[in-house]
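Written below as structure tokens is the structure these notes are about.
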Amino acid sequence: MYLINALAKPKKSSEHYDKVIGAYVSLYIDYKDIQGALKLANFYIKDEGWKVTEIEDEYFTLDSLDDVDEEQKELYTEALEYGYSIVFNCYEEED
């Protein structure tokens, strides 16, 4: 399992277009290798109506539920069941 972080902007087709200017995206992806997981991360973000602006070079390898904080365990478990879990932390203005 990998935890990949990215930055994204909503496309016109997104319900968030004109409401937010971007989001920090966290993806838990249950996949055998990082290259495939990175491709899936791009796909899942685009599939939600967002444009990927950056995928962080640093990622995390998670070997078990013990590797995540208590508040992240539900996301990890969801990724085990469905193959991925995705969270958009939206922001309305640049820092």
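This structure is a prediction, so every number in the text was calculated from the model and none was measured. These numbers come from the heavy atoms of this one structure, side chains and all, not from hydrogens, waters or symmetry mates.
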Under 4.5 Å between side-chain heavy atoms, counting indirect links through other Ile/Leu/Val/Met/Phe/Trp/Tyr residues: same cluster for [X] and [Y] or not?
X	Y	result
V25	L38	yes
W50	I21	no
V87	L7	no
I29	I34	yes
L80	L3	yes

Atom [atom1] of [X] and atom [atom2] of [Y]: how far apart are they, to the nearest 0.5 Å?
X	Y	atom1	atom2	value
D33	K39	CG	NZ	9.0 Å
E74	Q72	CD	CD	10.0 Å
I86	Y44	CD1	OH	9.5 Å
E48	F43	CD	CZ	9.5 Å
F88	I45	CZ	CD1	6.0 Å
I4	L27	CD1	CG	6.5 Å

Heavy-atom check, side chain of Y84 versus side chain of D30, under 4.5 Å: no
Under 3.5 Å, side-chain donor or acceptor atoms of residues 10-20 against the rest of the protein: list the pairs with distances, not counting sequence neighbours.
{"residue": "S14", "atom": "OG", "partner": "H16", "partner atom": "N", "Å": "3.0"}
{"residue": "K19", "atom": "NZ", "partner": "E15", "partner atom": "O", "Å": "3.2"}

Is the Y31 to Y2 ring centre distance short of 6.0 Å?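 No; Y2 has its ring centre 6.0 Å or more from that of Y31.
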Other residues, nucleotides, ligands: >12 heavy atoms within 6.0 Å of K51 NZ: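 It does not: K51 NZ has 12 such atoms or fewer within range.
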Distance-only criterion, 3.5 Å: show the donor-acceptor pairs between side-chain atoms of residues 54-70 and protein atoms not counting sequence neighbours.
{"residue": "S64", "atom": "OG", "partner": "D66", "partner atom": "N", "Å": "3.3"}
{"residue": "D67", "atom": "OD2", "partner": "D63", "partner atom": "N", "Å": "2.6"}
{"residue": "D67", "atom": "OD2", "partner": "S64", "partner atom": "N", "Å": "3.2"}

For the student: nearest non-hydrogen atoms of S85 and A79, plus distance: N-CB, 3.9 Å
